[in-house]
Student: 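Please see the structure below; I have some questions.
Numbers for residues simply follow the sequence, beginning at 1. Note that this is a predicted model, so its numbers are computed, not measured.
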Amino acid sequence: MMSAQTISQPQYSSALLSPITASMDLFQLLDVCESLADELIECQTETEQQVFCGRIAHCLEVMKTTFEQPLPAYLVERLTVEKEVKIQVNRDSEIQRQYCHALTQTLLSRAHTPDVNRALIGMLFELVNELVEDLQAPRFLRS
């Protein structure tokens with residue numbers, strides 16, 4: 001008698017399966033990028049790291065085009081507060097986006113030791129989270 005074998009299927013995170021398109025707004029792209037960075041920091045294999053780095057690089061490249069467009073009114077509304085809040089806003093998010101993209105390209109090159117890659121992944125995680133926090137911080141005061 002043959003026993004039924006369970007074939008293990010790879011489990012893909014929702015971040016990995018999330019579409020990344022030019023029709024997405026800045027906040028949607030930031031959410032996907034942040035989720036991918038969260039998953040990347042937990043990756044155990046180089047193959048997984050490469051997949052997540054590739055997706056982050058793609059997301060950051062699409063994000064570049066959103067920086068060149070006016071912010072939609074509904075996002076301006078989300079960034080508007082009734083009273084002044086003390087928050088330090090990074091005035092050059094494009095440079096920070098470029099740093100993140102450069103780190104993903106460095107990781108994709110496979111040119112470093114596993115220890116250096118772990119440090120670069122940690123740096124990428126921190127920079128992505130800073131970029132998300134900065135771009136989603138209130139910056140407009142309702143008049």
Student: Could you report the tightest heavy-atom contact between Leu108 and Gly54, atom names first, then the distance?
Tutor: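 Taking Leu108 first and Gly54 second, the nearest heavy atoms are CD2-N, 3.8 Å.
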
Student: Using every non-hydrogen atom in the two residues, find where Thr104 and Ala57 come nearest and quote the distance to one decimal.
Tutor: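 Closest approach of Thr104 to Ala57: OG1-CB, 3.4 Å.
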
Student: What are the two closest heavy atoms between Ser93 and Leu131, and how far apart are they?
Tutor: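 Answer, listing the atom of Ser93 first, then Leu131: O-CD1, 3.7 Å.
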
Student: Walk me through whether Glu39 and Leu36 qualify under side-chain contact (heavy atoms from CB on, under 4.5 Å).
Tutor: CA-CA 5 Å; Glu39 294 281 341; Leu36 290 166; 5.7 Å; no

Student: What pair of heavy atoms forms the shortest contact from Val81 to Pro138, and how long is it?
Tutor: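 Result for this residue pair: CG1-CB, 3.4 Å.
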
Student: Roughly how far apart are Ile56 CD1 and Leu124 CG, rounded to 0.5 Å?
Tutor: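 Rounded to the nearest 0.5 Å, the CD1-CG separation comes to 5.0 Å.
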
Student: How close do Gln136 and Asp31 get, heavy atom to heavy atom, and via which atoms?
Tutor: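 That closest heavy-atom pairing would be NE2-OD1, 3.4 Å.
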
Student: Got a sec, which residues hit side chain to side chain contact (heavy atoms under 4.5 Å, CB included) with Asn129, two or more places apart in sequence or on another chain?
Tutor: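 If we apply the side chain to side chain contact (heavy atoms under 4.5 Å, CB included) test to Asn129, skipping adjacent residues, the hits are Glu34, Asp38, Phe125.
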
Student: To the nearest 0.5 Å, how far apart are OG1 in Thr47 and CZ in Phe52?
Tutor: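 CZ of Phe52 is found 12.0 Å from OG1 of Thr47.
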
Student: Does anything in residues 101-126 pair up under salt bridge (charged side-chain N to carboxylate O under 4.0 Å, His left out), and if so which pairs, sequence neighbours excluded?
Tutor: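 Pairs touching residues 101-126 that pass the test: Glu46-Arg110.
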
Student: Of the non-hydrogen atoms in Leu79 and Leu135, which two are nearest, and what is the gap between them?
Tutor: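 Scanning both residues, the minimum pair turns out to be CD2-O, 3.6 Å.
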
Student: Among residues two or more places apart or on two chains, list those pairs meeting side chain to side chain donor-acceptor pair (under 3.5 Å) that have a residue in residues 18-29.
Tutor: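 For residues 18-29: Thr21-Ser23, Asp25-Tyr74.
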
Student: From Cys59 SG over to Arg97 CZ, what is the distance, rounded to the nearest 0.5 angstrom?
Tutor: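 Reported value, rounded in 0.5 Å steps: 10.5 Å.
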
Student: Can you tell me how far apart CG (Leu103) and SG (Cys53) are? Round to the nearest 0.5 Å.
Tutor: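 These two atoms lie 9.0 Å from each other.
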
Student: Is there a path of hydrophobic side-chain contacts, each under 4.5 Å between heavy atoms, that joins Phe27 and Val76?
Tutor: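 Yes, because Phe27 and Val76 connect within a single hydrophobic cluster, where side-chain heavy atoms sit under 4.5 Å apart.
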
Student: Would you give the length of the straight line joining atom OG of Ser35 to atom CG of Leu30, rounded to the nearest 0.5 angstrom?
Tutor: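 It comes to 10.5 Å.
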
Student: List in chain and number order the residues that pass side chain to side chain donor-acceptor pair (under 3.5 Å) with Glu82, two or more places apart in sequence or in another chain; answer none if no residue qualifies.
Tutor: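 Arg142.
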
Student: Provide the full list of salt bridge (charged side-chain N to carboxylate O under 4.0 Å, His left out) pairs with a residue in residues 47-70, sequence neighbours left out, each pair given once.
Tutor: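 Salt bridge (charged side-chain N to carboxylate O under 4.0 Å, His left out) check on residues 47-70 returns no pairs.
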
Student: I'd like to check the side chain to side chain contact (heavy atoms under 4.5 Å, CB included) partners of Thr66; sequence neighbours left out, ordered by chain and number.
Tutor: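 Partners of Thr66 by the side chain to side chain contact (heavy atoms under 4.5 Å, CB included) criterion, ordered by chain and then number, come out as Leu26, Leu29, Met63.
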
